[in-house]
Protein chains: 2
Amino acid sequence: MSPTRIPEATVARLPVYLRALNSLLEREIRTCSSEELASAAGVNSAKLRKDLSHLGSYGTRGVGYDVEYLRYQIAREIGLTQDWPVVIVGIGNLGHALANYSGFSSRGFRTVALLDADAARQGELVAGLKIRPFTELSAIVREHGVAIGVIATPAAAAQSVCDHMVDAGIRSVLNFAPTVLTVPPEVDVRMVDLSSELQILAYHEQRKSAPASPDPTLDPEVVA
Amino acid sequence: MSPTRIPEATVARLPVYLRALNSLLEREIRTCSSEELASAAGVNSAKLRKDLSHLGSYGTRGVGYDVEYLRYQIAREIGLTQDWPVVIVGIGNLGHALANYSGFSSRGFRTVALLDADAARQGELVAGLKIRPFTELSAIVREHGVAIGVIATPAAAAQSVCDHMVDAGIRSVLNFAPTVLTVPPEVDVRMVDLSSELQILAYHEQRKSAPASPDPTLDPEVVA
DNA sequence: AAGAGTTTGTGAACGTGGGAACAAACCGAG
DNA sequence: CTCGGTTTGTTCCCACGTTCACAAACTCTT
């Protein structure tokens, strides 16, 4: 079962399951059914069971899942049993927030350096780390074996920063800058687009308030 | 064509197209083909054309699209031609960054209030707005007709904040807190999960470095 | 030991989305 | 006006993801 590739949609949900399991553990719940875990994760139980079946057969029929055991298996599958050094480039408001975000460090992720091109900010202390010049990127990546880079720069700088990251050997990029990044095929990019999310909400909100026809120019027959 | 529902996957890409069109306009490009726009948006041209065809027939065969016209049509479809007042709750590091994020205000979104439960932060000035007590939520929503709320609180507070938002009449929620929110069916929630994104990258990164079998416990036959 | 009651893992049906390929439609030259 | 070149809008097909429904497997009681 395990040797087969895990569907992308399932991979995207594994972190959610992991959080739900952690939450159950905090409440000292040792065992749970697919129904309980699914409800904690906000999905339906059939989907949850199919997702987990892609990892292996870690439950017991008639009983459910051992919370601790399942949590370990998912963490191992994602790769959180190992250490992931991360660099953050662009320490503006957002980079600042990311550096202080406990959700990164609490999983296996360790921020090893904060970089910024702005000379005026060099040496400033953020989340216990000194801001260093962007030119040190390559050396830092080599020294710590960094595989993941986070871009929190303005859009105009993002592609150039990304190119340097790729040159330095980084193969996974998390991009917060509102721009499309072009990378070689072996590099993964995930985009977190704050304003897109709001726009998607706005689209649905608009549909809620105007169920019929929001714009008369689209409905000539109403006028006729 | 337009009266039909627009697929969710298409809606999620409209903001990307909008940004690409803005970028073309800044370079004073008045007309573009589906190929050019697709490349600027990081998708293939067939997908782009199919997406646009869901909105209507705004291109000209043999010629391409008028950048300005198409931009307006997409903006109108999303609902960006109207004003969207927004409240942000939880002015920690992340809330701070969101309040200052220009990508919100530059589209039709207007942050009308910053709320925080922490009494010590009341009155503090962030991005030109005073932080106000969370208890004023309902009055603010009524006064400004707020339909969209942003949650940037710690996970523990998020569900309670969300419940108050729904009570106050908010029907779309953008959630940055790392927790699943439960809402009535008429309310939309979109989740932006920073640590999930990193975990998804880590999963793929792990697969890149260890193509065969990352864990011997899963491959008994290797041992046998 | 057998049967009743649970709960997982999976096979099959269904729906959504993506991509190739092509017909329809437009422009410009002659 | 016609023809060749170009680009859109759409159709068809395939792959992926979701959900239902059920057999397999386990526990507990009698």
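Bear in mind the structure is a predicted one, so any value in this text is a computation, not a measurement. Chain letters run A, B, ... following the sequence lines, proteins first, then strands; residues in each count from 1.
Distance, A:Asn44 CG to D:dG17 P: 16 Å, rounded to whole Å. Whole-Å rounding puts the B:Arg5 CZ to C:dG15 C1' distance at 11 Å. Between the NE2 atom of A:His54 and the P atom of D:dT18 there is a distance of 10 Å, rounded to whole Å. A:Glu35 has its CD atom 12 Å from the C1' atom of C:dT6, to the nearest Å. In this structure, the CG atom of B:Leu52 is 14 Å from the P atom of C:dG18, given to the nearest Å. Computed from coordinates, the A:Leu48 CG to D:dG17 P distance equals 16 Å when rounded to whole Å. At whole-Å resolution of the value, NZ in B:Lys50 and C1' in C:dC22 are 13 Å apart. Atom CG of A:Asp66 and atom P of D:dT27 are 13 Å apart (whole Å).
Nearer the 5' end of DNA chain D, as judged by each residue's closest nucleotide, is the contact made by B:Val63, out of A:Asp51 and B:Val63. Residues B:Pro7 and A:Thr60 each lie close to DNA chain C; by heavy-atom proximity, the contact nearer the 5' end of the strand is made by A:Thr60. If A:Gly62 and A:Glu8 are placed on DNA chain D by their nearest nucleotide, the residue sitting closer to the 5' end is A:Glu8.
The nucleotide whose nearest atom lies closest to any side-chain atom of B:Lys47 is, among D:dC20, C:dG19, D:dT8, C:dG19. Checking D:dA24, D:dT19, D:dT10 against the side-chain heavy atoms of A:Arg61 singles out D:dA24 as nearest. The A:Arg49 side chain lies nearest to C:dT10 when the options are C:dC27, D:dT19, C:dT10.
Residues B:Tyr17 and B:Asp51 have side chains that bring a donor and an acceptor to within less than 3.5 angstrom of each other. Using modelled atom types, one finds a donor on one side chain and an acceptor on the other under 3.5 Å when comparing A:Asn22 with A:Arg71. Residues B:Ser34 and B:Arg49 bring a donor and an acceptor atom of their side chains to less than 3.5 Å of each other.
No side-chain donor-acceptor contact under 3.5 Å links A:Arg110 to the backbone of A:Ser105. Judged purely by atom type and a 3.5 angstrom limit, A:Asn175 uses its side chain to pair as donor or acceptor with the backbone of A:Thr179. Remark: side-chain polar atoms of B:Glu36 are paired, donor with acceptor, to backbone N or O of B:Ser33 under 3.5 angstrom.
Residues A:Tyr65 and A:Tyr58 keep their aromatic ring centres 6.0 Å or farther apart.
OP1 or OP2 of D:dT8 has at least one side-chain nitrogen or oxygen of B:Ser34 nearer than 4.0 Å. Remark: A:Tyr65 is not in phosphate contact with C:dT6, judged by side-chain N or O atoms under 4.0 Å from OP1 or OP2.
For the segment residues 9-21 of chain B, the set of residues with a heavy atom within less than 4.0 Å of an atom of DNA chain C comprises B:Ala9, B:Arg13, in numerical order.
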